[in-house]
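Everything below concerns the one structure shown next.
Predicted, not measured: the structure shown is a model, and the values here were computed from it. Counting starts at 1 for both ligands and their atoms, following the listed order. We number each residue from 1, following the sequence as shown.
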Amino acid sequence: MQSIYGISMKDLESFFINNGYKKFKAKQVYDWLYKKRVKSFDSMYNISKEVISLLKNNFTFDDITILTKNEDVDVKKYLFNLSDNNKVEAVLMYHDYGNSLCISTQVGCNMGCKFCESGRLRKVRNLESYEMVLQILKIEEDINDRISHVVLMGIGEPFDNYDNVINFIDIVNDDNGISLGSRHITVSTCGIIPKIKEFTKYDKQVNLAISLHAPNNEIRDKIMNINKAYKIEDLIDALKEYIKVTNRRVTFEYIMLDNVNDSCECAIELSKLLKGINCYVNLIPYNETSHIEFKKSSKKKILDFYDVLKKNNINVTIRREFGSKVKAACGQLRANYEEGL
Ligand code: SAH
């Protein structure tokens, strides 16, 4: 059986039509789930008994539970327990523009980026759409406030779980449900080109971020396994096409790793690579973890790198550092939990 939190409005409407009901019933169910936030079918009291039992026979009312919470001034990190006892994390960041939530899309990750904690434990399974939806609902309940922005940058590679991710976006974006604006949703990928091409055809104005982290194949090959399958020049070509078709700007994430990718030469090379592309670069101070040998670049090196990009007319920002005290690096909380730390 499928979870009720994992079905899109369109599919729920078809479900009702196929069972001889008006499609309007789907809106009523969404209203109970996402506006009134009830936790059982029996609480949906304006829906007939007959329809409630149809729902009960076809859908489950799954849940995920908050296992631990770590708090800092501007960030709150959650570890969730899933129904099969797997664990994933989500990170809530308080920005001046609203509450932004970073959610996980898989248990573990198979992309094998050398600097990333999530990949150390490998992928156990994909998350179902409902498990992504519930990360939002649970945290909104916990903070008694709305989440205004969602980034798919937690554990996992969203484009290695493409269909569930798209279904998740359809669910949370629906006006009858959580109603999260598509421009407030960002999907981040390490660069799975066939899925970028598929995403180019997706009709919602969702933001795309690319974990680039290197200006050339030589460096990228060393730190990101995905680059062995999909080379930088092909990635850039796919993104140029994406920008042409969607008319949207792409974000490039660039983690600053000491003596790996942070030299002025790298900055010059990156400027050349991105010249004329409608994009902006987000320089990310590396969040060091005890298991991995990479170190963060010095403040000076980050600022020098920033200056080179600026001089070359590349839009660039330096990401504010969140949560180094609360182990907010991607996958850190889960890894520590699984290893009993
Ligand atoms: N797999 C997707 C999304 C999850 S990772 C992707 O690769 O984009 C989200 C971002 O966090 C990526 O840019 C990733 O490279 C970065 N990241 C991973 N570990 C990090 C760390 N320790 N410090 C800072 N950023 C990190």
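The contact set between ligand 1 and His213, taken as ligand atoms under 4.0 Å from a residue heavy atom, comprises 13 (O), 14 (C), 15 (O). Interface atoms of ligand 1 facing Gly154, defined by a heavy-atom separation under 4.0 Å, are 4 (C). Counting the atoms of ligand 1 from 1 in the order shown, those under 4.0 Å from a heavy atom of Thr189 are 6 (C), 7 (O), 8 (O). If you number the atoms of ligand 1 from 1 as listed, the ones under 4.0 Å from a heavy atom of Phe115 come out as 15 (O). Counting atoms of ligand 1 from 1 in the listed order, those under 4.0 Å from a heavy atom of Cys116 are 18 (C), 19 (N). Near Cys190, meaning under 4.0 Å from any of its heavy atoms, are these atoms of ligand 1: 6 (C), 7 (O), 8 (O).
For an aromatic pair to be called close, the ring centres must be under 6.0 Å apart, and Phe61 with Tyr5 satisfies this. Taking the six-membered ring for Trp and the full ring otherwise, the centers of Tyr45 and Trp32 sit less than 6.0 Å from each other.
When Phe159, Tyr286, Phe294 are ranked by how near their heavy atoms come to atom 21 (C) of ligand 1, first place goes to Tyr286. The nearest non-hydrogen atom to atom 25 (N) of ligand 1, considering only Ile155, Thr289, Ile255, Leu257, comes from Ile255.
Residue contacts with ligand 1 for Asn287 involve both N, CA, C or O and side-chain atoms from C-beta outward (heavy atoms, distance under 4.0 Å). With a 4.0 Å heavy-atom cut-off, ligand 1 is reached by the backbone of Glu157 and by its side chain too.
In this structure Lys138 satisfies the side chain to side chain donor-acceptor pair (under 3.5 Å) test together with Asp63, sequence neighbours excluded. Remark: Glu293 engages no residue in a side chain to side chain contact (heavy atoms under 4.5 Å, CB included) (not counting sequence neighbours).
Between Met111 and ligand 1 there is no heavy-atom distance shorter than 4.0 Å. Contact annotation: Gly156 has at least one heavy atom less than 4.0 Å from an atom of ligand 1.
Side chains of Leu235 and Arg220 form a contact here, defined as non-hydrogen atoms less than 4.5 Å apart.
With hydrogens and angles ignored, the 3.5 Å screen pairs no side-chain donor or acceptor of Asn144 with any backbone N or O of Glu141. Not one N or O on the side chain of Asn19 forms a donor-acceptor pair closer than 3.5 Å with the backbone of Tyr21.
Counting all heavy atoms, side chain and backbone alike, Ala214 lies closest to Tyr254 at N-CE1, 3.5 Å.
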